[in-house]
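What follows is a set of notes on a single structure, which appears directly below.
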There are 2 protein chains.
Amino acid sequence: MENKIKIVHYEDNNHLREGMVFLMNATPNLDLVGSFRDCMQLENQIKTLKPDVVLMDIDMPGRNGIEAVKILKEIAPQTQVLMLTVFEDEDKIFATIRNGASGYLLKNTSPTEIIEAIFDIYNGGSPMTASIARKVLSFFQQQNKLTKTDYKLSERENDILKGLVKGYSYKLIADELFISIDTVRTHIRHVYDKLQVNSKSEAILKALREGLV
Amino acid sequence: MENKIKIVHYEDNNHLREGMVFLMNATPNLDLVGSFRDCMQLENQIKTLKPDVVLMDIDMPGRNGIEAVKILKEIAPQTQVLMLTVFEDEDKIFATIRNGASGYLLKNTSPTEIIEAIFDIYNGGSPMTASIARKVLSFFQQQNKLTKTDYKLSERENDILKGLVKGYSYKLIADELFISIDTVRTHIRHVYDKLQVNSKSEAILKALREGLV
DNA sequence: GCAAAAATCGCACATTGATGTGATTTTTCG
DNA sequence: CGAAAAATCACATCAATGTGCGATTTTTGC
């Protein structure tokens with residue numbers, strides 16, 4: 001092979017870190033150029049070591065992996081980030097993905113698979129633990145299911161709801177629709193009844209989340 | 001093992017279909033209960049055969065795999081669908097995912113991996129070819145690049161904004177954060193200043209649209 | 001240590017929003 | 001046609017929100 005894949009590794013647990021060092025060194029074509037217990041010096045390290053792939057833990061002292069991914073992708077967008085963590089909650093998963101991570105493995109992943117994943121991510125893939133992948137796909141599927149709930153808003157009530165979602169005040173909505181503010185109030189009452197909410201904010205949120213407008 | 005995984009397979013190419021039949025039959029714990037060249041009788045077949053996993057091609061005569069997934073998930077939501085196709089364009093990928101597919105493999109995937117993927121999807125995972133996975137993740141990452149205006153909210157201001165996006169009133173936010181309602185007001189002022197808005201609704205909308213929370 | 005930023009709280013006042021209780025006029029549809 | 005649904009408007013009243021003008025206390029960064 002032409003070149004070894006240059007790797008930097010962040011992990012605060014000494015055991016795990018040493019294990020990974022051993023694993024990397026034992027694998028041909030992988031070149032572990034740095035292994036650190038926190039991300040405090042991330043900027044310098046990345047600029048100096050110029051890794052192709054970064055393995056990143058989420059829970060680290062000082063600066064967590066989620067922020068770290070964001071910073072890293074800003075200074076070195078071409079570097080691929082593979083998260084390697086115990087967290088399986090959606091917030092953290094989506095946060096890291098949004099921040100630019102290209103892969104996400106749980107820590108119980110076997111060494112063989114971790115090595116495979118490194119090559120995979122280096123070659124433009126996105127290795128993910130099965131359960132993580134499912135969560136990601138579910139995100140897309142949610143939209144569809146919710147569209148089902150039909151609150152049977154009348155046409156005018158829909159106009160009013162659209163106004164709310166534009167961030168308009170009652171007065172603005174009234175002006176836009178050429179009706180009195182009291183009429184707007186009445187419609188809004190009905191909208192609230194049908195959506196089962198009792199404030200503007202809740203109505204807006206429900207409308208947005210369920211794609212009612 | 002307790003039970004074999006019941007599989008139904010849709011594929012219009014005779015060669016490929018026969019190959020899969022052979023592969024399935026040669027694998028213990030897999031039970032291929034149906035293999036068809038099109039989806040025209042999908043409803044009957046699914047209701048009769050009650051498969052755990054369906055392997056689905058996209059390009060088939062009569063009714064294509066994308067529509068088929070949708071119909072299938074409506075009549076048998078618990079059945080897992082694994083797409084097995086040559087198409088790699090985003091439209092088709094996202095369409096099938098939105099319609100409820102839980103896995104997506106390209107046809108050049110090795111027999112071993114296909115078998116693995118079947119067990120994987122049956123156990124709640126979402127097997128995806130590396131390049132497909134990357135496309136899916138990119139979807140999330142796009143949002144960020146477009147709207148990365150940083151309003152420099154302080155940590156506390158962010159807490160308050162999160163409260164608003166939950167649809168909470170000032171009082172609720174105050175209770176949640178153990179601070180007085182007047183403090184909430186002050187923070188909200190600052191948030192409004194920084195976001196350049198002047199109502200709760202506008203703040204919520206801006207926060208949601210630009211992914212600030 | 002010290003200045004700046006952030007977080008906390010208070011009060012007053014005007015505006016906006018939520019809700020109760022009416023009413024009249026159109027529109028829709030069997 | 002005639003009832004039901006939808007759309008329109010009017011007050012009234014209290015609660016929630018927005019904003020002006022303060023203040024003190026922590027935290028943070030150099």
- request: Take atom CD1 of B:I179 and atom P of C:dT8, then tell me their distance rounded to the nearest Å.
  value: 5 Å

message: For DNA chain D, which residues of residues 184-205 of chain B approach it to below 4.0 angstrom with any heavy atom?
response: B:R185, B:R189, B:Y192, B:N198, B:S199, B:K200

- prompt: Any side-chain heavy atom of B:K200 sitting closer than 4.5 Å to one from B:Y192?
  reply: yes

- line: In whole angstroms, the gap separating P of D:dA7 from CD1 of A:I181 amounts to 19 Å

message: Distance check needed: D:dA5 P versus A:N158 CG, whole Å only.
response: 19 Å

message: Check the phosphate of D:dT8 against A:T183, side-chain N and O only, distance under 4.0 Å to OP1 or OP2. Yes or no?
response: no

query: With respect to the phosphate group of D:dA6, does any side-chain polar atom (N or O) of A:S154 fall under 4.0 Å of OP1 or OP2?
result: no

message: Can you confirm if the NZ or CZ of A:K92 lies within 45° of the ring axis of A:F87 and under 6.0 Å from the centre of its six-membered ring?
response: yes

Show me, pair by pair, the donor-acceptor contacts under 3.5 angstrom made by side chains of residues 47-56 of chain A, not counting sequence neighbours?
unit_1: A:T48; atom_1: OG1; unit_2: A:N44; atom_2: O; d: 2.6
unit_1: A:K50; atom_1: NZ; unit_2: A:K47; atom_2: O; d: 3.2
unit_1: A:D52; atom_1: OD2; unit_2: A:K6; atom_2: N; d: 2.8

message: Here's a test of your reading of the structure: between B:D182 and B:E155, which maps to the more 5' nucleotide of DNA chain C?
response: B:E155

message: Is there a side chain to side chain contact (heavy atoms under 4.5 Å, CB included) between B:F36 and B:L42? Walk through the geometry before answering.
response: CA-CA 9 Å; B:F36 309 100; B:L42 181 100; over 6 Å; no

query: Less than 4.5 Å apart, any side-chain heavy atom of A:I7 and any of A:D31?
result: no

- prompt: Base, sugar-phosphate, or nothing: which does B:S180 touch, judged by heavy atoms less than 4.0 Å apart?
  reply: sugar-phosphate

- request: For A:S169, report the nucleic acid contact type (base, sugar-phosphate, nothing); a contact means any heavy atom under 4.0 Å.
  value: sugar-phosphate

- prompt: Which pair of non-hydrogen atoms, one from A:I58 and one from A:N64, has the smallest distance, and what is that distance?
  reply: O-CB, 3.4 Å

